[in-house]
Asks: 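One structure is given below, represented as structure tokens, and several questions about it will come after.
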Amino acid sequence: MAPRTSQYPLDRNTPPVDGIRAPLTAASYGSPELHDAEVQTMFRDEWLFVGPASTYQEPGSYSPVEIAGLDLLITCDSDGKLHAFHNVCAHRGCQLADTAATAKRIVCPYHAWIYTLEGDLASARNFGGHGSSAIPTADPKITGLTPVSIDTWHDLLFINTQQDPSPLSEHLRPMDERIGWLNLSEMAYHSSLEYEFTANWKYIVENFLESYHVPFLHHNLDGYSPATGRYQFHLAQQISGIGTQPYGSVDIDGVRLPTLKSNISREYSADFAEYYVILPNLLLGVMPDHLFAWSLDPVNSSKTIEKLFFFFPGRESLNGDYDAQIKTTLEQWKVVNDEDWSIVQRMHKGSQAESFDRAILSPVMETNIIRLQQYIAEKMDSSTHAR
């Protein structure tokens with residue numbers, strides 16, 4: 001994780017850099033038709049980040065989840081095992097749950113069909129007449145809930161609507177190779193924020209992938225995570241990011257939060273941070289003393305819900321001794337995200353003007369965005385030809 005040489009600041013005497021015409025046109029950020037095709041291609045049948053697994057692990061509970069146009073139900077059986085299903089009754093297609101609950105059974109609100117937390121049909125009351133509880137067919141694939149693949153990486157929960165998807169571990173192998181030596185399993189979930197953007201999801205990802213804007217928009221952030229120490233990296237088609245060194249952790253009266261531990265027997269410098277985009281919808285930040293995982297839900301071409309989940313290392317960091325440091329850390333991120341929330345929406349609005357065709361990207365400062373747009377364009381093109 002050694003930092004690369006930063007390209008900041010550009011020498012004023014450097015010859016002009018040829019800009020690159022962006023692979024994606026502005027229309028691809030505002031068209032409802034293109035958005036629908038994009039969600040089908042980029043999000044469906046992919047591993048989607050949902051949230052902290054620990055928030056779903058109460059035995060005997062279920063929680064509805066909506067993401068990328070999917071209405072899902074995550075359950076935790078009496079043994080603590082997680083399951084995921086489409087949130088729809090096999091009888092007539094009624095939505096089963098609209099709020100989380102603690103219950104041993106899932107009861108359809110329409111005709112009271114009852115399902116176990118493992119997704120099996122337990123009872124179809126009155127299906128064979130009043131007083132009957134006959135089950136209409138012995139085939140559980142017809143009468144049971146339709147399953148969705150589910151898996152975890154540390155405390156992060158993912159779902160995939162494919163019946164037999166490639167393993168999540170394979171999808172995240174580049175992350176394990178990059179930061180597997182850090183003990184991320186000790187991270188404990190603390191709290192969350194939620195933003196609703198009047199903007200296309202790609203603008204949020206692109207904003208996350210470049211530091212060009214940091215000294216101009218994020219004056220506070222530039223003070224403790226300076227743009228001059230930032231570098232870009234690319235781990236796989238679906239994983240890119242930016243890093244920074246040094247990274248200044250919150251210090252209150254000489255007291256800092258506990259830092260991440262290493263899984264290997266060597267010392268490491270705890271003054272770096274790296275931020276990863278893991279397509280299609282996870283934005284992950286690993287700092288010396290905390291971690292964040294943000295999920296994106298592309299509601300439509302001009303609306304995206306972003307949920308921000310924050311974690312801190314070791315249960316000892318949440319015992320009350322570091323409340324001031326945690327509070328300040330979260331306040332700092334609130335400032336940064338409020339600034340991004342405003343500018344990303346202005347990006348979306350401005351780029352939809354008739355006079356704007358596509359961006360002019362810097363091959364130095366916006367390399368990650370060029371790669372991202374090329375990847376999306378190629379995947380969408382392949383999908384169109386496949387159809």
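These figures come from a predicted structure and were not determined experimentally. Both backbone and side-chain heavy atoms feed into the values below; hydrogens, waters and symmetry mates do not.
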Asks: Without swapping roles, check the side chain of Tyr56 against the backbone of Ser61 for a donor-acceptor pair under 3.5 Å.
Replies: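 No, because the side chain of Tyr56 does not come within donor-acceptor range (under 3.5 Å) of the backbone of Ser61.
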
Asks: Might you point out which heavy atoms bring Pro64 and Ala97 nearest each other, and give the distance in Å?
Replies: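 Heavy-atom minimum between the residues: CB-O, 3.7 Å.
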
Asks: Is there a donor-acceptor pair closer than 3.5 Å between any side-chain N or O of Glu316 and the backbone N or O of Asn319?
Replies: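 Between the backbone of Asn319 and the side chain of Glu316 there is no qualifying donor-acceptor contact (under 3.5 Å).
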
Asks: Mind checking the CD1-CG spacing from Ile106 to Leu145? Nearest 0.5 Å is all I need.
Replies: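 Atom-to-atom, Ile106:CD1 and Leu145:CG are 5.5 Å apart.
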
Asks: Verify whether one side chain among Asn160 and His171 offers a donor that lies under 3.5 Å from an acceptor in the other.
Replies: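 Absent: no donor and acceptor within the cut-off.
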
Asks: I'd like to know whether CZ of Phe356 has more than 12 heavy-atom contacts from other residues, nucleotides or ligands below 6.0 angstrom.
Replies: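 Yes - once you tally the heavy atoms of other residues, nucleotides and ligands closer than 6.0 Å, there are more than 12.
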
Asks: Can a side-chain donor-acceptor contact be found between Gln95 and Asp71 if the only test is distance below 3.5 angstrom?
Replies: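 Present: a donor and an acceptor within the cut-off.
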
Asks: Is it the case that atom CD in Gln237 sees more than 12 heavy atoms from other parts of the structure closer than 6.0 Å?
Replies: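 Counting other residues, nucleotides and ligands, CD of Gln237 stays at 12 neighbours or fewer.
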
Asks: How long is the gap from CD1 on Ile159 to OG1 on Thr152, to the nearest 0.5 Å?
Replies: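 OG1 of Thr152 is found 14.0 Å from CD1 of Ile159.
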
Asks: Given 3.5 Å as the limit, does a donor-acceptor pair link the side chain of Thr75 with the main chain of Leu117, or not?
Replies: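 Checking the backbone N and O of Leu117 against the side chain of Thr75, a donor-acceptor pair under 3.5 Å is found.
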
Asks: Any non-hydrogen side-chain atom of Glu378 less than 4.5 Å from a side-chain atom of Asp381?
Replies: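 The answer is no; the side chains never approach within 4.5 Å.
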
Asks: Taking all atoms of both residues into account, what is the closest heavy-atom pair of Gln332 and Val250, and its distance?
Replies: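 Closest approach of Gln332 to Val250, heavy atoms only: OE1-CG2, 3.7 Å.
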
Asks: So that I can tick it off, tell me whether Glu46 and Lys379 are bridged by a salt bridge, with the cut-off set at under 4.0 angstrom between side-chain N and carboxylate O.
Replies: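 Yes, Lys379 and Glu46 are salt-bridged.
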
Asks: Measure from the side-chain N and O atoms of Thr55 to the backbone N and O of Pro52, and report whether any donor-acceptor pair falls under 3.5 Å.
Replies: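 The answer is yes, because a donor-acceptor pair under 3.5 Å joins these two groups.
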
Asks: Can you tell whether the side chains of Lys327 and Glu331 come within less than 4.0 Å, N to carboxylate O?
Replies: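 Here Lys327 pairs with Glu331 in a salt bridge, since their nearest N and O are under 4.0 Å apart.
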
Asks: Any donor-acceptor pair under 3.5 Å linking the side chain of Ser31 with the backbone of Ala27?
Replies: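 Flag not set: sc Ser31 to bb Ala27 has no pair under 3.5 Å.
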
Asks: For Trp201 and Glu38, what are the C-alpha separation, side-chain angles and deciding distance, and is it a side-chain hydrogen bond (donor to acceptor under 3.5 Å, both in side chains)?
Replies: CA-CA 11 Å; Trp201 70 276; Glu38 202 172 76; 2.7 Å; yes

Asks: Which heavy-atom pair separates Gln352 from Ala26 by the least distance, and what is that distance?
Replies: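 Here Gln352 and Ala26 meet closest at NE2-O, 3.1 Å.
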
Asks: Determine, using ring centers only, whether Tyr29 and Tyr203 are less than 6.0 Å apart.
Replies: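 Yes: the rings meet the under 6.0 Å criterion.
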
Asks: Could you report the tightest heavy-atom contact between Ile360 and Gly19, atom names first, then the distance?
Replies: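 Looking at all heavy atoms of both residues, the closest pair is CG2-CA, 3.9 Å.
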
Asks: Rounded at 0.5 Å granularity, tell me how far OG1 in Thr304 sits from CD in Gln345.
Replies: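 Thr304 atom OG1 to Gln345 atom CD measures 9.5 Å (nearest 0.5 Å).
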
Asks: Any chance you could lay out the side-chain hydrogen bond (donor to acceptor under 3.5 Å, both in side chains) test for Glu274 and Tyr276, step after step, and finish with the verdict?
Replies: CA-CA 7 Å; Glu274 288 197 337; Tyr276 311 86; 2.6 Å; yes

Asks: If you look at every heavy atom in His190 and Leu318, which pair is closest and at what distance?
Replies: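 Heavy atoms only, the tightest pair is CD2-CD2, 3.6 Å.
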
Asks: Strictly distance-based, threshold 3.5 Å: is any side-chain N or O of Ser149 a donor or acceptor partner for the main-chain N or O of Gln162?
Replies: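 Side chain of Ser149 to backbone of Gln162, a donor-acceptor pair under 3.5 Å: yes, one is there.
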
Asks: Can you say whether the rings of Tyr195 and Phe197 are parallel (under 30°), tilted (30 to 60°) or perpendicular (over 60°)?
Replies: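 Tilted, since the angle between the ring planes falls between 30° and 60°.
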
Asks: How many angstroms lie between CD1 in Ile369 and OG1 in Thr367, if you round to the nearest 0.5 Å?
Replies: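 One finds 9.5 Å between CD1 of Ile369 and OG1 of Thr367.
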
Asks: Once the angle between the rings of Phe216 and Tyr212 is folded into 0 to 90°, is it parallel (under 30°), tilted (30 to 60°) or perpendicular (over 60°)?
Replies: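 Rings of Phe216 and Tyr212: perpendicular, as their planes differ by over 60°.
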
Asks: Would you say the side-chain atoms of Ser28 pair up with the backbone N or O of Leu24, donor to acceptor, closer than 3.5 Å?
Replies: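 No, Ser28 side chain to Leu24 backbone: no donor-acceptor pair under 3.5 Å.
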
Asks: Decide yes or no on side chain to side chain contact (heavy atoms under 4.5 Å, CB included) for Ile74 and Phe85, but give the supporting numbers first.
Replies: CA-CA 7 Å; Ile74 296 175; Phe85 308 95; over 6 Å; no

Asks: Mind checking whether Val277 and Ile239 have side chains closer than 4.5 Å, heavy atoms only?
Replies: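 In short, these two side chains do not touch, never coming nearer than 4.5 Å.
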
Asks: Would you check if there is a donor-acceptor pair between the side chains of Gln232 and Glu210 at a distance under 3.5 Å?
Replies: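 Checked: Glu210/Gln232 side chains show no N/O donor-acceptor pair below 3.5 Å.
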
Asks: Between Lys334 and Leu330, is a side chain to side chain contact (heavy atoms under 4.5 Å, CB included) present by the stated rule, with each step listed?
Replies: CA-CA 6 Å; Lys334 179 71 164 55; Leu330 296 176; over 6 Å; no

Asks: Tell me whether Asp77 contacts the main-chain N or O of Glu118 through its side chain, where contact means a donor paired with an acceptor under 3.5 Å.
Replies: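 Such a contact is absent between Asp77 side chain and Glu118 backbone.
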
Asks: So, do His348 and Ser302 sit near enough that their side-chain heavy atoms are less than 4.5 Å apart?
Replies: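 A side-chain contact exists here, since the closest heavy-atom pair is under 4.5 Å.
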
Asks: Does the plane of the ring in Trp181 sit parallel, tilted or perpendicular to the ring in Phe272? Use 30° and 60° as the thresholds.
Replies: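 Correct class here is tilted.
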
Asks: Is the NZ or CZ atom of Arg256 both under 6.0 Å from the centre of the six-membered ring of Tyr322 and within 45° of that ring's axis?
Replies: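 Checked: cation-pi criterion not met.
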
Asks: Any salt bridge between Asp297 and Lys307, counting N to O under 4.0 Å?
Replies: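 The answer is no: the pair does not qualify as a salt bridge.
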
Asks: Let me check something: do Leu221 and Leu193 share a hydrophobic cluster, defined by ILVMFWY side-chain heavy atoms less than 4.5 Å apart, either directly or through other members?
Replies: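 Yes: a chain of side-chain contacts under 4.5 Å links Leu221 to Leu193.
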
Asks: Measure across Pro23 and Arg358 and return the closest heavy-atom pair with its distance rounded to 0.1 Å.
Replies: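 Closest approach of Pro23 to Arg358, heavy atoms only: O-NH1, 3.6 Å.
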
Asks: Is a side-chain donor or acceptor of Thr161 paired with a backbone partner of Val148 at a separation under 3.5 angstrom?
Replies: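 No.
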
Asks: Are a donor atom and an acceptor atom from the side chains of Ser301 and Asn200 found within less than 3.5 Å of each other?
Replies: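 Checked: Ser301/Asn200 side chains show no N/O donor-acceptor pair below 3.5 Å.
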
Asks: Is a donor on one side and an acceptor on the other found under 3.5 Å between the side chain of Trp341 and the backbone of Glu196?
Replies: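 A pair under 3.5 Å: yes.
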
Asks: Can you confirm whether Asp251 sits close enough to Tyr224 that some side-chain heavy atom of one is under 4.5 Å from a side-chain heavy atom of the other?
Replies: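 Not touching, per the 4.5 Å side-chain cut-off.
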
Asks: Would you say Tyr375 and Ile204 are hydrophobically clustered, going by side-chain heavy atoms of ILVMFWY under 4.5 Å?
Replies: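 Yes, one cluster joins them.
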
Asks: Is there side-chain contact between Arg105 and Thr116, with at least one heavy-atom pair below 4.5 Å?
Replies: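 Yes - at least one pair of side-chain heavy atoms lies under 4.5 Å apart.
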
Asks: Looking at CG of Leu96 and NE2 of His86, how far apart are the two atoms once the value is rounded to the nearest 0.5 Å?
Replies: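 Between Leu96 CG and His86 NE2, I get 12.5 Å after rounding to 0.5 Å.
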
Asks: Mind checking whether Phe292 and Phe309 have side chains closer than 4.5 Å, heavy atoms only?
Replies: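 No, side chains not in contact.
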
Asks: Are Leu361 and Gln373 side-chain neighbours, meaning at least one heavy-atom pair lies under 4.5 Å?
Replies: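 Of all side-chain heavy-atom pairs linking Gln373 with Leu361, at least one is under 4.5 Å.
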
Asks: Does the pair His213 and Leu217 meet the rule for a side chain to side chain contact (heavy atoms under 4.5 Å, CB included), with working shown?
Replies: CA-CA 6 Å; His213 70 283; Leu217 182 68; 3.7 Å; yes

Asks: Anything under 3.5 Å between a donor and an acceptor, one on a side chain of residues 279-290, the other on a protein residue two or more places apart or in another chain? List them.
Replies:
from: Asn281; atom 1: OD1; to: Phe49; atom 2: N; distance (Å): 2.8
from: Asn281; atom 1: ND2; to: Phe49; atom 2: O; distance (Å): 3.0
from: Asn281; atom 1: ND2; to: Leu296; atom 2: O; distance (Å): 3.3
from: Asp289; atom 1: OD2; to: Ser249; atom 2: OG; distance (Å): 3.3
from: His290; atom 1: NE2; to: Trp333; atom 2: NE1; distance (Å): 2.9

Asks: If you round to the nearest 0.5 Å, how far is CD of Glu194 from CH2 of Trp294?
Replies: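 Spacing of CH2 (Trp294) from CD (Glu194) equals 14.0 Å.
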
Asks: Spell out, yes or no, whether Ile179 and Ile278 are grouped together once hydrophobic residues are joined by side-chain heavy atoms under 4.5 Å, including indirect joins.
Replies: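 Same cluster.
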
Asks: Going hydrophobic residue to hydrophobic residue with side-chain gaps under 4.5 angstrom, can you get from Val255 over to Ile326?
Replies: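 Per the 4.5 Å side-chain linkage, Val255 and Ile326 are co-clustered.
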
Asks: Determine whether Leu184 and Leu235 fall in the same hydrophobic cluster, where Ile, Leu, Val, Met, Phe, Trp and Tyr are linked whenever their side-chain heavy atoms lie under 4.5 Å apart.
Replies: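 Per the 4.5 Å side-chain linkage, Leu184 and Leu235 are co-clustered.
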
Asks: Report yes if some heavy atom in the side chain of Leu70 is under 4.5 Å from a heavy atom in the side chain of Leu48; otherwise report no.
Replies: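 Sidechains of Leu48 and Leu70: in contact.
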
Asks: I'd like to know whether CZ of Arg44 has more than 12 heavy-atom contacts from other residues, nucleotides or ligands below 6.0 angstrom.
Replies: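 Yes, the 6.0 Å shell around CZ holds more than 12 heavy atoms from other groups.
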
